[in-house]
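Per chain, numbering begins at 1; letters A, B, ... match sequence-line order.
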Amino acid sequence: MNAKEIIARRVAKELKDGDVINLGIGLPTMVANYIPEDIDVLFQSENGFVGLGPAPEIGHEDKDLVNAGGQPVTAVLGAAFFDSAVSFGIIRGGHVSATVLGALQVDEKGNLANWMVPGKMVPGMGGAMDLVVGAKKVIISMTHTAKGKSKILKKCTLPLTAAGQVNMIVTEMGVMEVTDAGIVLTEMNPEFSVEDIKKVTEAELIIADDLKKMEI
Amino acid sequence: MNAKEIIARRVAKELKDGDVINLGIGLPTMVANYIPEDIDVLFQSENGFVGLGPAPEIGHEDKDLVNAGGQPVTAVLGAAFFDSAVSFGIIRGGHVSATVLGALQVDEKGNLANWMVPGKMVPGMGGAMDLVVGAKKVIISMTHTAKGKSKILKKCTLPLTAAGQVNMIVTEMGVMEVTDAGIVLTEMNPEFSVEDIKKVTEAELIIADDLKKMEI
Amino acid sequence: MNKIVTLEMAMEHIKDGMTVMIGGFMACGTPEKFMDALVEKGVKDLTVIANDAGFPDRGIGKLVVNKQVKRLVTSHVGLNPEVGKQMNTGEIDCELIPQGTLAERIRAGGNGLGGILTPTGVGTIVEEGKQKIELDGKVYLLEKPLRADIALVGATISDKKGNLYYNKATRNFNPLIATAADLVIIGAEKIVEVGEIDGNDVMTPALFVDYIVEV
Amino acid sequence: MNKIVTLEMAMEHIKDGMTVMIGGFMACGTPEKFMDALVEKGVKDLTVIANDAGFPDRGIGKLVVNKQVKRLVTSHVGLNPEVGKQMNTGEIDCELIPQGTLAERIRAGGNGLGGILTPTGVGTIVEEGKQKIELDGKVYLLEKPLRADIALVGATISDKKGNLYYNKATRNFNPLIATAADLVIIGAEKIVEVGEIDGNDVMTPALFVDYIVEV
């Protein structure tokens, strides 16, 4: 199982029956593949609907039905469409149970940077700032390091997406919760040791008293 | 022709092809009866639709279709229904060409009082405050006096509905425009003299150089 | 998740002293069966947020007549003389709000906004106690969000998941209050299978809905 | 009043230097024929307000590639690398706004609000130059309304008076911009008789619409 699959499988276990979930593009999108069959989860697509389904078969694309990345998707039975003000009313108003997003950097205060690298990449924040502020739970799903460098920092150096909003970080190495005391490692992938993880994490890691094996 | 009919007929002449009009309850509602046949006017009902039609025949009431007074009405072909936020977005956003309302008092600054008499009548402002602030043109349609007392004052004494928003006043005696200089009598019902009108108007009346006969 | 419950089960959530938003405009679109059930249940000291006070024998008016409402936040009480009487005796506390402002404040409460700036009410007693903000030469009132413990929504059709459709003038405040309460209970005239309301025509997405009662 | 015009007649209203809102989300729901016509017409120095910059060969992106946009007010430009290039050369001025804030600012512009308070962007560079307001212990940014000279709206169906219906994800910013411009031009895939869109299902009432082009 590769790192991304480990992460997506673990994040999927966070979702509960009746949840409304917004998945970011890239790795977070993979979470949809691992939802337990016995629960009913609705995916919200910030471009204007709830009830996002999988990609259509080739030749069955509907030009009027795309996701927030502009890619053809399908809608499940019971989907509902709305305009962008309603869509972000749902997001900002706390009606999304959780948003799963990637990150460039996260820090001990729950700050998140995932929308620009000054002078290099300025794609715009799209809906990310609203999602991170508005969703009831913010789950960051990302590989633990980028080119060997830690992405979990004492303090973000890139421009923030939002201050103090991250609740949970899931990487291929483990699961971390952001608390008032700092970042707590609550689950660990048994392929790694605590020392392995600390070595590639710039932030101070608090090890949970009841540190568990990461369920995947 | 009684006073109310004179007023309603004259107000109807202010309306233009393509206008979106909100009529208050009571006298203003009568305006709908006198719209010229060659123009297309849509009536907005602040409880949530545009395309208000006349009252239904007895026995043909639709419980789901009432006006802002809770009375059964009909909808014209091409009517559109919406929620109260959209309804007042239309009103506050300047998308209503004119609102026609009654008044307890109007004054030289274009102030309007029509929603409460302290200690006596406190029905609530309903949509009146938004209508008067938001509509492109505010036309007050009312009998010139109440129990012999002037309703067109130097300064309103009752709690205001809105400050400085009235554009035009139509009574059975004439038509007045509210300008920066004060209230200008622009048309007069030939049954009255300028002196007759001045006598029952507490506000200073400026007489238009081209004072016309009131068209009804 | 089954959201369909009986009238009795739904009404159990409403307790003395709660803040309840109720949909409808002069009783059109108000879930009337919920009003009757609340009268029967006798729950009291309610704060009711709604467009108007209905009529004495119809809509929200029934709760007022039965003296179950301690505080009423509304735009219009003129068609229910009982409110005026109870205001005079001090039995009811009534806060009057311009209708458009009431709609926006509820929308703000449901949409995570900290407030909105409106020109409505400037220069009137509505501005008392409110922050005034001048922007680009125009003065606005800062109006704060409204939320409730419970929203009682009247819908024409609900599907089994809670996607809602309102007929004609019954829509009014119903979709707004459905966003702005901790618990949202629907009184639907008809419950249909999921998919029977086209996704384009859904006026309140099911994600806002907690319980559905066929009334 | 006949609102139905030809593409050429509609495009005559768009002049150099104007502010134009354009509907659509990554080109889905964007009136594509209007984009092509504007490229052909060569109108320049536009300020464009839209969710995103589309793709280089689709949607709003075409106007950027053809260097007709002086200023872009948007939430996302990541799928159109041409914007980044023109930002570096100073040919385009790009203001990035969180998507939900952009939607609310346009809605405020069309609904007569002086602004809205949002928690989005607090503690980020988005707050630079903006008034911060603390209410009940929470900090918000005061975001001001946006309006335009022209709105170019993509609709699936318009009736002959301009009542509009948007299919699925094409709705996005279209109903919002239809409220917030001095002149509103609709590119409709299909024009039907008045009454063919049920009044309950109208998503933009005709009163907002000035011109309709069948595209």
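Between C:Asp159 and C:Ile191 the shortest side-chain heavy-atom distance does not fall below 4.5 Å.
Heavy atoms closer than 4.5 Å to chain C are found nowhere in B:Gln165, neither backbone nor side chain. Heavy atoms of B:Asp62 lying under 4.5 Å from chain C belong exclusively to its side chain. Only the side chain of C:Pro175 comes within contact range of chain B, with at least one heavy atom under 4.5 Å from a heavy atom of that chain. Only the side chain of C:Val126 comes within less than 4.5 Å of a heavy atom of chain B; its backbone N, CA, C and O stay farther away. Residue contact with chain B, scored on non-hydrogen atoms closer than 4.5 Å, involves the backbone of C:Val122 exclusively. Contacts of B:Ala128 with chain C are absent, with no heavy-atom separation under 4.5 Å from either backbone or side chain. Using a 4.5 Å cut-off between heavy atoms, C:Leu102 makes no contact with chain B at all. Contacts of C:Thr101 with chain B are made by both backbone and side-chain atoms, with heavy-atom separations under 4.5 Å. Neither the backbone nor the side chain of B:Ser45 comes within less than 4.5 Å of any heavy atom in chain C.
Of the residues considered (B:Ala75, B:Gly127, B:Gly48), B:Gly127 shows the highest number of contacts with chain C, using heavy-atom pairs under 4.5 Å. The most heavy-atom pairs under 4.5 Å with chain C, out of B:Val133, B:Ile91, B:Asp83, come from B:Asp83. The choice from C:Arg171, C:Met203, C:Met26 that makes the most heavy-atom pairs within less than 4.5 Å of chain B is C:Arg171. The greatest number of non-hydrogen atom pairs below 4.5 Å with chain B, out of C:Asp52, C:Ile106, C:Thr124, C:Thr74, is found for C:Thr124. Listed options C:Gly100, C:Ala27, C:Gly59, C:Gly78 were ranked by heavy-atom pairs under 4.5 angstrom with chain B; first place goes to C:Gly100. The residue among B:Ala85, B:Ala80, B:Ala113, B:Gly126 with the most heavy atom pairs within less than 4.5 Å of chain C is B:Gly126. The choice from C:Gly123, C:Gly54, C:Cys28 that makes the most heavy-atom pairs within less than 4.5 Å of chain B is C:Cys28. If you tally non-hydrogen atom pairs under 4.5 Å between each of C:Gly121, C:Gly84, C:Pro98, C:Pro119 and chain B, the highest count goes to C:Pro98.
Not one N or O on the side chain of B:Asp19 forms a donor-acceptor pair closer than 3.5 Å with the backbone of B:Ile21.
Rounded to the nearest 0.5 angstrom, C:Leu72 CG and C:Asn80 CG are separated by 9.0 Å. B:Trp115 contributes atom CH2, which lies 8.0 Å from atom OG1 of B:Thr161 (distance to the nearest 0.5 angstrom). The CG atom of C:Asn172 sits 7.0 Å away from atom CG of B:Asn47, with the distance rounded to the nearest 0.5 Å.
Side chains of B:Glu202 and B:Ser150: a donor-acceptor N/O pair is absent below 3.5 angstrom, by distance only. Under the 3.5 Å distance criterion, with hydrogens and angles disregarded, a donor-acceptor pair is assigned to the side chains of C:Glu91 and C:Thr89.
Residues C:Cys94 and C:Val83 approach most closely at SG-CG1, 4.4 Å, considering heavy atoms. The minimum heavy-atom distance between B:Ile39 and B:Leu15, with the atom names listed, is CD1-O, 3.3 Å.
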Test log, rule side-chain hydrogen bond (donor to acceptor under 3.5 Å, both in side chains), inputs C:Glu189 and C:Ser158: CA-CA 8 Å; C:Glu189 294 184 3; C:Ser158 173; over 6 Å; no
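With respect to B:Met142, the side-chain contact (heavy atoms from CB on, under 4.5 Å) criterion is satisfied by exactly one of B:Val106, B:Leu104, B:Ile7: B:Val106.
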